[in-house]
Amino acid sequence: MKLAINIDHIATIRQARGGAEPDPVIAAGICEIAGAEGIVCHLREDRRHINDRDVAILKDIVQSKFNLEMAATDEMISIAIKTKPETVTLVPEKRQELTTEGGLNLNSNTKALSEAVKKLKSNGIKVSLFIDPLPEMLDKSVELGADIVEIHTGTYANTFDKEEILKELTKIGAISRLAAEMGLVVTAGHGLNYNNIKPVLNIPEIEEVSIGHAVISRAVFVGLDSAVREMVNILNNYR
Ligand code: PXP
């Protein structure tokens with residue numbers, strides 16, 4: 001299982017003072033040297049962390065895979081087409097939320113989503129859809145032309161009830177198998193940390209996980225290089 005690091009929270013710290021540091025661009029390089037096989041950032045409509053300058057430079061300097069998360073708005077799709085990251089992950093976005101709160105509802109806004117996917121793909125960009133672990137989202141993902149589905153692991157990650165954890169893991173495992181059978185590349189993310197990642201490693205269909213908050217939080221204490229290496233080590237050796 002590959003590790004993609006979401007560097008949004010490096011930019012969150014920068015924005016706390018509105019200056020130039022810490023620079024998420026430098027963070028991306030450190031993450032790659034430490035073994036990350038992908039760099040992810042979310043360009044939000046309100047630019048609360050990552051900004052347009054970050055996206056432009058990241059496209060140039062990321063040597064692994066650059067995955068740009070965004071809402072399927074006209075503004076964002078034109079930035080993506082100009083930037084041409086390897087992958088765009090379409091996510092729902094609400095102004096008031098602290099972080100992405102759930103997967104895309106593929107049953108509403110279908111026309112806008114379908115047009116966004118078409119435009120991105122015709123510009124050579126792979127499209128990932130961030131979805132809740134619900135089987136009905138898979139048919140829609142295929143219909144929309146997605147290459148990848150990123151399974152939202154937030155509900156699994158945020159519960160402490162043992163039965164609930166098992167139930168959510170079973171759902172994530174089942175949808176991952178189904179998605180792979182349908183020809184979709186499967187990734188997962190949201191709320192994953194150094195502990196709850198371990199059972200997820202038993203789902204072989206998940207090719208990559210996208211982790212941000214837990215790794216950046218640990219980096220505050222042990223440094224970014226070590227924080228990434230520790231996670232890479234778990235991914236490589238725990239299964
Ligand atoms: N995947 C998606 C689609 C996200 O929106 C986020 C959060 O920005 C993540 C993964 C990473 O989540 P976390 O920061 O909780 O690891």
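FYI, side chains are in, hydrogens and waters are out, and symmetry mates aren't considered; it's all heavy atoms of this structure. We count ligands from 1, going down the list as the structure has it; atoms in each ligand are counted the same way.
Listed by chain and number, the residues in a side-chain contact (heavy atoms from CB on, under 4.5 Å) with Ala179 are Leu138, Val149, Leu184, Val186 (sequence neighbours excluded).
The environment of CG in Asn233 is crowded: more than 12 heavy-atom neighbours from other residues, nucleotides or ligands sit within 6.0 Å.
Looking at Arg48 and Asp46, a side-chain N of the basic residue comes within less than 4.0 Å of a carboxylate O on the acidic one, giving a salt bridge. Between Arg47 and Glu75, at least one side-chain N (NZ, or NE/NH1/NH2) sits under 4.0 Å from a carboxylate O, which counts as a salt bridge.
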Between the protein and ligand 1, are there any N or O atom pairs that come within less than 3.5 Å of each other, and if so, what are their names and distances?
unit_1, atom_1, unit_2, atom_2, d
ligand 1, 1 (N), Glu150, OE2, 2.5
ligand 1, 5 (O), Glu69, OE1, 2.9
ligand 1, 5 (O), Thr100, OG1, 3.0
ligand 1, 8 (O), Asn6, ND2, 3.4
ligand 1, 14 (O), His213, N, 2.9
ligand 1, 15 (O), Gly191, N, 2.8
ligand 1, 16 (O), Gly212, N, 2.8
ligand 1, 16 (O), His213, N, 3.4

Report the C-alpha distance between Thr155 and Glu168 in whole Å, list the side-chain angles of each, state the deciding distance to 0.1 Å, and finish with yes or no for side chain to side chain donor-acceptor pair (under 3.5 Å).
CA-CA 7 Å; Thr155 310; Glu168 286 302 319; 4.6 Å; no
Step by step, work out the side-chain contact (heavy atoms from CB on, under 4.5 Å) result for Lys140 and Ile131.
CA-CA 10 Å; Lys140 279 273 170 201; Ile131 59 166; over 6 Å; no
